[in-house]
Number of protein chains: 2
Amino acid sequence: MADPEFQPDPAVVKRSAPTVEDVARAAGVSTATVSRCLNMPAKVGEATRTRVLKVVAELGYSPNFGARALAAKRTRTIGAIVPTMENAIFARGLQAFQEELGLHGYTLLVASSSYSPEREADQIRTLVARGADALLLIGFDRAPAITEWLEARAVPHVIAWAYDADAKALSVGFDNREAMRALASEVFARGHRRVAVLTAPIAQNDRARERLAGVRAAAAEAGLDPDTLRVVETPYSFDNGAAQMDLLMGDTPRPTAVICGNDILAAGAIAAARAKGLRVPGDVSVTGFDDIEIARVLDPLLTTVHVPHRDMGRACARDLIDILENGTHPASTELRTEVMLRGSLGPPAD
Amino acid sequence: MADPEFQPDPAVVKRSAPTVEDVARAAGVSTATVSRCLNMPAKVGEATRTRVLKVVAELGYSPNFGARALAAKRTRTIGAIVPTMENAIFARGLQAFQEELGLHGYTLLVASSSYSPEREADQIRTLVARGADALLLIGFDRAPAITEWLEARAVPHVIAWAYDADAKALSVGFDNREAMRALASEVFARGHRRVAVLTAPIAQNDRARERLAGVRAAAAEAGLDPDTLRVVETPYSFDNGAAQMDLLMGDTPRPTAVICGNDILAAGAIAAARAKGLRVPGDVSVTGFDDIEIARVLDPLLTTVHVPHRDMGRACARDLIDILENGTHPASTELRTEVMLRGSLGPPAD
DNA sequence: TTGTATGCGTTATCAT
DNA sequence: ATGATAACGCATACAA
């Protein structure tokens, strides 16, 4: 097939991507100058810079990622590990996080843990091995070993969705306990005494645990024994919410209010109540947490806690970039939440 | 502060991460063998392999990402560019995509275009520059220049959310036109004649355009002049859906059915109809597209088109990995959609 | 301001 | 099966 006599045109045979060297040669400068033009343009003479950049554009030069990472020891890539992107709250937070990163020339590496600490630890190591310069993590609950690993490797990281001023790690979030306490207080204030809590498994989830603690605190304030609260744990999903609600509504006597750990569980709960012929809030009140779109679409509208997911994502990005570029040590940020009183919460039936 | 006499313990002063060389020395083999143990364990003797891997574990060695990328010319990282992660359909697809990638040792790099072709082109270049071995893109609509660029650089990529057997590019998706035609046929079959379409801007969005074409096709089949359809374009969001629905419901005569380009617009439309005191479907029918969670929560339940988002994400991952690892040329995959007839669609009021 | 020279940690080719 | 060694392409300390 190939003609042995054939002499390829050098201008055409050049298959591989251009390198600094190609640019340097074409621009009549050294590779160092080319590199400088791209990374510290201020330190290069006006004339040479424009000349070099022109050549860069002409050749369609783009620095080799591996070489750059190897030499510079950084990738301008930041990792995020969330329980799942399917939950709108994490998707929303990630979106804002990514947008802010993009504004500063950083790229987002994503992994999900499916709420498993072991998988999260794996993902942490994987993303760092993949060159992540810093990480966004959700919540504080994780094995000490992986936290120590992060510290030992000096991997900048921020904890989102939770706030703890005393923690060693940087966090950007809100006080899950207090937010839920404020909401639960409204429930008890309306006279509810038989109250159930539908929560995600609290074992390795500090946010869920804190929220439950918030309900207990509100119960105590209302003069109730927190141990009389009916607590049901189930993974976050519409169907689980519905299934557990179905069981709860079979109890005698029936709870007059069900406080859910998030809006998705609450949506499932309301659907299940309806399916059983119960009115909300006439027969049973239901509350959520997060204030995602679904809360404004449910019938009745869902009483819930509004969380500034986008602000959280943005703030995380800013902190991480600040650490990376300026070596600072930002203080943790506490974001404000707000109880949204809507139709799904009413007085008890009896 | 520092004691000038202090002699640091060499075992402690070793700050930087261990390299192949460290492992090789400790295991009494060459760096080549260490590399082989990690990358092609089959080509190494049983005994040496276990010995080397033991040392790897002891030292906590992890190959340097930049060096590996530079030498191997690949990163085992795959990029995805979606319009936005806030839309549950993309979040769900991405989640499945990422899970499948993870199963095969690949990591996901994410960017969003905000439905802007220019931003998407930027992101494509950025992700490739960041070392993405392959890309997942949404839909076919993009400037020829960037498509050519992808071809020229031989960047493996898959188009999701759309299917075109004749296109040069690999695609994994469904026939948006036919799916919407099937749904719209149900609407016309119920006798609706004054029908409005609430769609995303169709300018640079082939999915939206195809869906609109599907409605037109169904109208024609029903003996209607497609040009009598009232078409309203608005960016995908609950509030936009509500606002445009509010305007539509002010028309005289009022449309008896509103076909929406996705479930979020439909949710907004139903809320707006309600707010205006109109019953759905009594006064006006509403349909969506996607069949996300919200469709099962709305009152009435939303008639929509079910799309296998997770299957799509998974299939995209498999194809890309197949290309990368085996150099194959997978054929495009057409996925099945299904019309979900639910309460929001009824006969016309008059 | 610009150039020179070296190191970065792997992978892969080619011997052995 | 294993070892020696040459790329890989860039950033940067140091010189000029």
Side-chain angles (χ1 to χ4, degrees), chain A residues 14-53 55-56 59-77 105 128-131 133 153 324-325, chain B residues 14-53 55-56 59-77 105 128-131 133 153 324-325:
Chain A
K14 178 77 181 179
R15 293 291 307 156
S16 53
T19 72
V20 250
E21 205 148 353
D22 296 325
V23 176
R25 200 177 310 117
V29 298
S30 74
T31 63
T33 298
V34 174
S35 178
R36 277 188 289 255
C37 281
L38 268 37
N39 299 313
M40 1 176 29
K43 286 189 165 312
V44 174
E46 172 72 39
T48 46
R49 189 194 333 160
T50 51
R51 181 155 42 96
V52 169
L53 292 180
V55 174
V56 165
L59 267 50
Y61 167 75
S62 163
N64 175 284
F65 177 69
R68 172 178 273 210
L70 179 57
K73 300 183 191 313
R74 53 199 208 86
T75 59
R76 290 184 81 84
T77 292
V128 170
R130 282 284 190 287
D133 291 338
R153 308 267 302 227
L324 254 20
E325 315 231 299
Chain B
K14 178 76 182 180
R15 295 291 305 158
S16 53
T19 72
V20 250
E21 204 147 355
D22 297 325
V23 176
R25 200 178 309 120
V29 298
S30 74
T31 63
T33 298
V34 174
S35 178
R36 272 190 291 256
C37 282
L38 268 37
N39 300 313
M40 4 181 20
K43 286 189 165 312
V44 174
E46 172 72 38
T48 46
R49 190 195 331 159
T50 51
R51 182 155 40 95
V52 168
L53 292 181
V55 174
V56 166
L59 267 49
Y61 167 75
S62 163
N64 176 284
F65 178 69
R68 171 175 270 205
L70 178 57
K73 297 182 194 315
R74 55 200 207 87
T75 59
R76 291 182 82 83
T77 292
V128 171
R130 283 284 190 287
D133 291 337
R153 308 268 301 226
L324 254 20
E325 314 227 303

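Naming: A, B, ... by sequence-line order, numbering from 1 per chain. All values below were derived from every heavy atom in this structure, side-chain atoms included, with hydrogens, water molecules and symmetry-related copies excluded.
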Table of protein N/O atoms under 3.5 Å from nucleotides 11-13 of chain C N/O atoms:
| unit_1 | atom_1 | unit_2 | atom_2 | d |
| --- | --- | --- | --- | --- |
| C:dT11 | OP1 | B:Asn39 | ND2 | 3.1 |
| C:dT11 | OP1 | B:Arg68 | NE | 2.9 |
| C:dT11 | OP1 | B:Arg68 | NH2 | 3.2 |
| C:dT11 | OP2 | B:Ser35 | OG | 2.7 |
| C:dT11 | OP2 | B:Asn39 | ND2 | 3.4 |

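Residue A:Glu21 contributes atom CD, which lies 13 Å from atom P of C:dA5 at whole-angstrom precision. One interatomic measurement links the two molecules: NZ of A:Lys73 to C1' of D:dG9, which rounds to 15 Å at whole-angstrom precision. With rounding to whole Å, B:Asn64 atom CG is found 16 Å from D:dG9 atom P. At whole-Å resolution of the value, CG in A:Leu70 and P in D:dA7 are 17 Å apart. In this entry the distance linking CZ of A:Arg76 with P of D:dA11 reads 12 Å, nearest Å.
Nearest-nucleotide positions on DNA chain C for A:Arg49 and B:Gly66 put A:Arg49 closer to the 5' end.
Listed by chain and number, the residues in a side-chain contact (heavy atoms from CB on, under 4.5 Å) with A:Ser35 are A:Asn39 (sequence neighbours excluded). Annotation: salt bridge (Lys or Arg N to Asp or Glu O under 4.0 Å) contacts of B:Arg36 (sequence neighbours excluded): none. Legend: residues meeting side-chain contact (heavy atoms from CB on, under 4.5 Å) with A:Arg74, ordered by chain and number and at least two apart, are A:Ala72, A:Arg76, A:Tyr106, A:Asp133. Residues passing the side-chain contact (heavy atoms from CB on, under 4.5 Å) test with B:Ala129 are A:Ser62, sequence neighbours excluded. Not a single side-chain contact (heavy atoms from CB on, under 4.5 Å) links B:Ala71 to another residue, sequence neighbours left out.
Phosphate proximity of C:dG9 to B:Thr19: absent, as no side-chain N or O sits under 4.0 Å from OP1 or OP2.
From A:Thr75, atom OG1 reaches atom CZ of A:Arg68 across 10.5 Å, with rounding to the nearest 0.5 Å.
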